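Bear in mind the structure is a predicted one, so any value in this text is a computation, not a measurement.
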Amino acid sequence: MKPWIIRSSSFVLSASLLLPVAQAHAQSPHVSTNKMATTVAQADSVAQAKAKLSKEAALALATKIVPTAGMTVQNVSFRSADSWRPFPEWSFSWVKKDPENGKVLLSYSASIHANTGELTSYSRQEQEASSLPYAKRISYTEAQEQAKRFFEKNNAGKAAETRLYTRDMPEPKTPLNSEVYYNFRFVRDVDGILFPDNGADITVDASGTVTNYSLSWNDVTFEDTDTTISEEEAEKLFKEQAHPKPVYLLPWERMETQNNKPSLGYTNPFTFYIDAETGKALTQSLTPYQPAKDPEPVSSKVLSARRSGQPLSQEEAVQWASKALKLSNYELRSANYNERDYRGNRPVWDLEFGEKGNSEDGFAYVSVDAVTGDIYRLDKDFRGRKEKTSASKKPDMEKFKAKAMETIRDLAPTMAHQLYWTERFEEEIQNQPVDSERTQIRFERFINGIAAASGSAYFTFDTETGDLMSYSTELGSETYPTQVPKHLPAAEASEKWWTETKAEEVYALVPLTPEDAKRAKEQPSYTPKRTAKIVYRATMTPFEQPYYLDAVTGEWSSTSTGKTIALHRPAPADLEGHPAEKELLLMYEYDALTLENGKIMPQKPITRGEMIEMLMISLNQGNHYPQYSLERKATYSDVANGSRFFSAVEGAVDRGLLDKNASKLNPNETITREELADMIVRALGYKKLTDFPGMFQSQLSDIANSKYRGSIIIATTLGIVPTDKQKFQPQSLVPRADAAITFTRFLEKRDNPDGPVTLLRK
């Protein structure tokens, strides 16, 4: 019986005890489902008998937490302790259904520790969308207090042994809608030292309701260290052991927009631990940490291409691949030609071969560069597990590495000088199991000695025969400078990273011994004894998105966009006590407004581009608007692709917020009050109502000649655009403060289904 299947089945049963046993195990291959189901069921039965709490006792505790009035029990299950979750637990779920159609309206689930009676998990899910008004949402701080109260009320013992930890998560931005969830982590505290592997995760929604709670807790022996190094000593050791190296980075959104110029940057160099007792550097697996060795090139020089000239025809490509890969026993089944393949925008033939005389099995997929003849890909049929002819032994990795290198030089010579064997991949293969049928080898791309943003080669060999089973290589389509740009030295990069870093003393879980790991794999019910030791880790300043240090500019940049970011947002010098302070801070928080000489300048007129940008961010639930590729043709001649406002403007055009028939937008010009009103009405989805301006009455005396009369009436009637109810001043400019107030009111009104009714009543 395969141990991994037992473990998988254990999970299935614990989640679906109400299903017929045969159904629960229907997808477990090569094993008698009846035999396995009996084995697992017997194990759970024994575990239930040993548990201190019966099902009835656990249910009684759960119903004190879950408001079960009007609800029906949907499922009851028991899970025995295992190496994944080292305690037994009872789990219950309830649903509330619509009596007319049987639709589930509300569901709860709760799990109880079968020995201690503690709440181990909890969830609440309401099927219908929340109708909570935006203005009624709670703040992050209020949600934090609610999470604490829930924890203390429902698991006081564990709450007393933890503390709220926020160092690894930035305080979220003010939400732009009421569908928001706040997440909190309470970490186990052992005599003042955190144990991050244990704790409770709690989620609170905008109404202040806890929607999820999960407890992770091990029975751990904590090593008692008589003397530990100080935080200052640890800081010194971190700096001494860090060896940052620049790498080329291609931010995710640049990939999407086909901006193929990578940035040179330094990523976090402090990803290791310091042993708090010995001061030695450790990996996160608690093995000795060593600086990375220099990468080893597949070829020390540029190799000539296998061919040149006109692109290969289909017949030539087939002959070329058959000869290079010794496919004489295969015949062509299909062929596809792509002039700009994703592997470097090259012309490529994708060929499928079938073994002669074998219509069902036996295949080979091959990709050939039509110009250079480089073989980019090979996949051959691998017909399942074979009977081993000899005892298992560790594969000779040096032999396979040499074979992979020779394969690259032979099949893809133009890539050989850019592909390198690295220590990181060496560590990976050392962890491959002794009895594995396959041996995997990987290479990484380097440009002038620096790791590239993309590009790699992958190999899979039959461990026993040494046959190449699959191979894939690609270099990416980005372009690099001919020389490495002038950049910050490693020492300066390390110092700058440390300004955003803190040495933190924590307990780290000691990995299982090979014996325990093997036993846990073979016996799912086995829960090995665990120990934890004190180490120092380096924690970075949290930010809403990953970031790196630009090696050329010395600025912090977003890994997502590549744009410069401010890890510490300065407070505006001219905002405290302003009537629109809260509203202006919201727009500043989302970068729709920028400081000028440290000031927000509330009376400065807002520009059209700034307002469009803020509206688009709000319509995308607080996320940035979609990025458009370089192929997107600009709608307006003065907002070209690459402009700060391009994506926001194009997104607004696609949503119908802007008139796409205009030739120019003038994004840097100020916006008038009537234009703002029209923009708001479009964002609300009420633009069609303005086609019938006569149906609305208004006491405003200065809007009769405005082409935006309908929009003005709608925006003022809903109380979004401020007015004195007599004059609107349609041609007046909009100060930043008024724009911020308008935007906040828009957020409060946009999800109100009574909006059109309000208009008609007026």
Side-chain angles (χ1 to χ4, degrees), residues 129-136 176-179 583 592 606 608-621 625 635-636 648-662 665-667 670-734 738-762:
S130 172
S131 58
L132 179 74
Y134 175 74
K136 297 294 184 180
L176 298 179
N177 56 60
S178 59
E179 293 296 318
E583 292 83 356
I606 196 167
R608 186 174 289 104
E610 290 171 337
M611 199 67 209
I612 292 170
E613 193 170 48
M614 197 64 209
L615 284 173
M616 286 306 300
I617 290 174
S618 74
L619 293 173
N620 281 284
Q621 289 75 48
Y625 25 82
T635 303
Y636 305 105
V649 167
E650 295 303 319
V653 169
D654 289 347
R655 282 180 173 264
L657 270 65
L658 299 174
D659 180 6
K660 63 181 179 181
N661 295 317
L665 182 71
N666 301 314
T670 53
I671 191 172
T672 64
R673 285 171 55 79
E674 63 179 0
E675 290 174 322
L676 175 62
D678 188 62
M679 197 180 297
I680 290 291
V681 168
R682 286 174 180 268
L684 288 170
Y686 296 162
K687 183 59 181 175
K688 284 292 183 181
L689 292 176
T690 65
D691 293 341
F692 311 98
M695 66 186 296
F696 304 121
Q697 300 299 317
S698 175
Q699 297 179 354
L700 296 172
S701 61
D702 58 349
I703 65 171
N705 296 323
S706 172
K707 67 176 182 178
Y708 300 114
R709 180 178 180 276
S711 294
I712 293 171
I713 295 175
I714 293 174
T716 55
T717 300
L718 292 177
I720 296 177
V721 179
T723 178
D724 61 6
K725 295 186 179 181
Q726 293 183 358
K727 289 189 176 182
F728 183 75
Q729 299 178 333
Q731 294 297 319
S732 295
L733 302 182
V734 183
D738 284 358
I741 292 172
T742 297
F743 177 70
T744 302
R745 291 179 180 176
F746 159 74
L747 295 177
E748 295 174 353
K749 300 288 186 179
R750 65 175 174 174
D751 296 324
N752 182 6
D754 294 331
V757 176
T758 301
L759 295 169
L760 291 172
R761 285 175 178 171
K762 292 286 183 176

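For the pair T717 (side chain) and I714 (backbone), a donor-acceptor distance under 3.5 Å is absent. Of the possible polar contacts, none joining the T744 side chain to the E583 backbone as a donor-acceptor pair under 3.5 Å is found. Of the possible polar contacts, one joining the R673 side chain to the P722 backbone as a donor-acceptor pair under 3.5 Å is found.
The structure places CD1 of I712 at 11.0 Å from OG1 of T690, a figure rounded to the nearest 0.5 Å. Going from atom NZ of K660 over to atom OG1 of T635 covers 8.5 Å, rounded to the nearest 0.5 Å. Remark: L619 CG to F746 CZ distance equals 5.0 Å, nearest 0.5 Å. In this structure, CD1 on I680 lies 13.0 Å from NZ on K749, to the nearest 0.5 angstrom.
Taking T670 as the reference, P605, L733 meet the side chain to side chain contact (heavy atoms under 4.5 Å, CB included) condition, with sequence neighbours excluded. Listed by chain and number, the residues in a side-chain hydrogen bond (donor to acceptor under 3.5 Å, both in side chains) with S706 are E674 (sequence neighbours excluded). Under the rule for a side chain to side chain contact (heavy atoms under 4.5 Å, CB included), the partners of D724 that lie at least two apart in sequence or sit in another chain are Q726, K727. With sequence neighbours left out, S698 forms a side chain to side chain contact (heavy atoms under 4.5 Å, CB included) with L700, I703, I713. The side-chain hydrogen bond (donor to acceptor under 3.5 Å, both in side chains) search around R682 returns D678, not counting sequence neighbours. By the side-chain hydrogen bond (donor to acceptor under 3.5 Å, both in side chains) test, T742 is found to be paired with no residue, residues two or more places apart in sequence or in another chain being considered. Residues satisfying the side-chain hydrogen bond (donor to acceptor under 3.5 Å, both in side chains) criterion with E675, sequence neighbours excluded, are R608, T672.
Contact annotation: the side chain of S618 approaches that of L747 to within less than 4.5 Å [non-hydrogen atoms, C-beta and beyond].
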